[in-house]
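In what follows, a structure is listed as structure tokens, so that the remarks can point back to it.
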Amino acid sequence: MRVCVASTEPGGWLLAPVDEAGLPAAPPRPARDLAALAAAVREAAEQGRSGEDTGGAASAGAVRWVWADTSSVYPALLAAGARVERCHDAALTEALLLGHEGRWGQPRSLAAAWARLTGGEVPADAGPLLPLGHRQGPGDEGDGVQDALFGPDDVPAGAAASGLPTGVDPLDALVAVHRDQQRRVGVARAVSPGFGLLVAAESAAGLAAVEMGAAGLPWRADLHDAVLVEALGPRPAHGGRPSVLRLLAEEIAALLADPRLNPDSQPEVLRALRRSGVIVSSTRRHELRKVDHPAVEPLLRYKELARLHAANGWAWRDQWVRDGRFRPEYVPGGVVSGRWASRGGGALQIPRAVRSAVVADPGHVLVVADAGQLEPRVLAALSGDAGMVAATRAGDLYAEIAAQALGRPEARAEAKLALLSAMYGGGAGSAAPALAALRRRFPAALAVLEDAARTGEDGGVVRSVLGRTSPAARPGWLDGLTDEAAGARARARGRFTRNFVVQASAADWAGVLVAGLRTRLARLGGGGRPELVFFQHDEVVLHVPRALADAAVAAVAGAGVEATRLVLPGQAVTVPLDAVVVESYADKP
DNA sequence: ACAGACCGCGCC
DNA sequence: AAAGGGCGCGGTCTGT
């Protein structure tokens, strides 16, 4: 059963049961306030569970809550103690549908969908919230006003700012848009049979993202400090350069004969290097490594440590870690390929160097699992390339491919580079011979990529396995360009679509994994339930009461098998998803 | 003074 | 012949 949930003007809510097609199934009933809505959600969850116990189909009794936008409704609901099992997020669904219909980029909010449905003026999507990093001024002087105005407490909690024209009943709009979306999902499924699964998984991702943001990633300030002090020296009192960076900067300046040199300034460093007879076109690490000059080694060390300091140093922690938890904001569907994005704190780029600070609370463990070599395995499934599908049974796919295509198991690195080049659109130069060998041994797999690239170069769209669709080229996208520029633009687009089919299908798999995982974790019972605390493209981290560690590992494994079965065609592909139980994120092998 | 581009690097 | 996917973020530089 589905229940549409919309806020009403004085501040309450209306709950309207509808059937799978979105047609009204019972009269709407009111929920006076958030607490009443939370109570309704909890009650429905209990009924759903007892329905399972009495032998009905699993989750047949569970409610799917239909609402405008999970990210605005769910945080308050979760804070009120109501964990939602399933939902239909009209905004996320609208984005998927628009993409599939070739209308990428149109506003995706409920209000926009309503306007399109009724012929009204389509409002632009609300701009993104201020990036979290700009809402709080941690160490900055005198930011109390800033906090009062823009602090998270003051972000409207769903009821406000629907964007609908005045006089339009939000419930009417939601019911109508949902019904229309169900119809359009049906249309999309004729082309992409997995589209219904995609919509369900995307909505589940919206729930998971809010739950992860609320839970936070355990972060031990003392252990983080130990890493920073070891690398940088003691924390500088007034936010200047730590001692290790200061000394390195002086050493570099002396070696390049420029006492005023700022190693953070790329142009200055480039000029100083050239004056010293070092010919480089950039200061990228890869280029500097090729150069023989005494300043290179300290410069590379400076760059590495300066980045640690700037990106994940003390200032970062002051801003992002509260009460032992790192709480970024996750944005499902924030990347065109369906990967999640994040806002604030660089959540999806936590460097290995500081992962030792991620440690389970007392009495808890972390369960960490990542899908090994997901993208090439997905490619095998997409293409049905018999040889590559068979090769996925190997634990190390790259070594297996080196053996099969190159005849040299030891040429793993070469095979990996060639396969990544094929998926990314590179492959000139050193990878070319291995790429040709891959094409001979795995022709169907390479053909999928090359077809996708050609489609992109011609301005067409491509789809993931479940039907997530790449943006269409703008009409006239090559107009006014020289032949050379047009060719470059077209090839760039080809590289994008070439990669899209793999990256987006991998994101399909990962989305279904997360959806299945959170359902399984919810069944692991009571107050000390395992929590999903981190998700990064093909990797999950759970924070788990020690007694439930084995059960959590089993849940991960089960969710992985299910994702492979549901998402990857042919069901013959193996995706290893090895979960390990650790105290610290850094302990993952 | 401020916004936006660019660079370079972290993650997948 | 050469051609390298997706992000977020901090620091510097440039244009206004």
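Worth saying up front: this structure is predicted, and the values here are computed from it rather than measured.
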Inset, instruction - Check whether any side-chain N or O of A:Arg352 sits under 4.0 Å from OP1 or OP2 of B:dC12, and answer yes or no. - result: yes
Legend entry - Selected nucleotide, minimal atom distance to A:Phe496 side chain, candidates B:dC12, C:dG5, C:dC7: C:dG5
Inset, instruction - Just call it for A:Ser337: base, sugar-phosphate, or nothing, with non-hydrogen atoms closer than 4.0 Å on any strand. - result: nothing
Inset, instruction - Taking only the side-chain nitrogens and oxygens of A:Ser265, find out if one of them lies under 4.0 Å from OP1 or OP2 of C:dG11. - result: no
Legend entry - Face-to-face stacking of A:Tyr424 with C:dG4, centres under 5.5 angstrom, angle under 30°: no
Legend entry - N or O in side chain of A:Gln349 less than 4.0 angstrom from C:dG8 OP1/OP2: no
Legend entry - Atom pair distance, as rounded to whole Å: CZ in A:Phe534 and P in B:dC11: 11 Å
Inset, instruction - Indicate, yes or no, whether a donor-acceptor pair under 3.5 Å links the base of C:dG6 to the side chain of A:Arg339. - result: yes
Inset, instruction - Scan A:Asn262 against the nucleic acid and name what it touches under 4.0 Å (heavy atoms): base, sugar-phosphate only, or nothing. - result: sugar-phosphate
Inset, instruction - Taking atom P in both B:dC7 and C:dG4, compute the distance separating them and give it to the nearest angstrom. - result: 15 Å
Inset, instruction - Give A:Gln536 one of three labels, base, sugar-phosphate or nothing, depending on what nucleic acid heavy atoms sit under 4.0 Å from its own. - result: sugar-phosphate
Legend entry - Per A:Asn499 side chain, nearest of listed nucleotides C:dG4, C:dG6, C:dC7: C:dG6
Legend entry - Nucleotide nearest A:Arg307 when distance is taken to its side chain, options C:dC7, B:dG10, C:dG6: B:dG10
